[in-house]
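The figures that follow rest on heavy atoms only: side chains count, while hydrogens, waters and symmetry mates do not.
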Amino acid sequence: NNGIPQKKAMTYTKFTDDFHFNVSYGNLEHLSERQASEFATLPLMMVNVKGVKDVFNQHHDKTSKGIKAHIMVDDSGLIGVESVEAIFETIVANKTETGWMESVSNFFTGNSDDEGKKKKVPTATLR
């Protein structure tokens, strides 16, 4: 039994274009068959991530490390997306600089802030 609040980060490494993912309950073995059938049929949330292709085109000279989505369950048990970000790696003179990030908020605005800064902005379109 995990307490709340709780955070989870999921990294998607195969996507280079817009995509969506569903947030659903995980292990329901502790529920009766009837209860499990009621919970397992519907996702809790569908998250649409848009503008991915534009960001990848803007950073074609960098190596993608994936798109990371940060999901949170708050004290009330409500689920939300804290942020979604594209992560890129730059190779400089045979050394790897890690941690360079481009916020997905730029997916929507088309703006690019200073490299290396990470924004904490709601960044996914929820349905």
Same cluster for Val84 and Phe19 if Ile/Leu/Val/Met/Phe/Trp/Tyr side chains link at under 4.5 Å? yes
Are Val73 and Leu44 connected in a single hydrophobic cluster, I mean Ile/Leu/Val/Met/Phe/Trp/Tyr linked by side-chain heavy atoms less than 4.5 Å apart? yes
Sorted by chain and residue number, the side-chain contact (heavy atoms from CB on, under 4.5 Å) partners of Lys8 (sequence neighbours excluded) come out as Met10
Can you give me the closest heavy-atom contact between His60 and Asn57, atom names plus distance? CD2-O, 3.1 Å
Pairs flagged by salt bridge (charged side-chain N to carboxylate O under 4.0 Å, His left out) wherever residues 14-30 is involved - sequence neighbours left out: none
Got a second to check how far Thr11's OG1 is from His70's NE2, nearest 0.5 Å? 7.5 Å
Could you state the interatomic distance from OG1 (Thr90) to NE2 (His59), rounded to the nearest 0.5 Å? 9.5 Å
Consider only side-chain heavy atoms of I, L, V, M, F, W and Y, link residues closer than 4.5 Å, and tell whether Ile67 and Met72 are in one cluster. no
Counterpart residues, side chain to side chain donor-acceptor pair (under 3.5 Å), relative to Ser32 (two or more places apart): Gln35
Can you tell me how far apart CE (Met45) and CZ (Phe21) are? Round to the nearest 0.5 Å. 8.5 Å
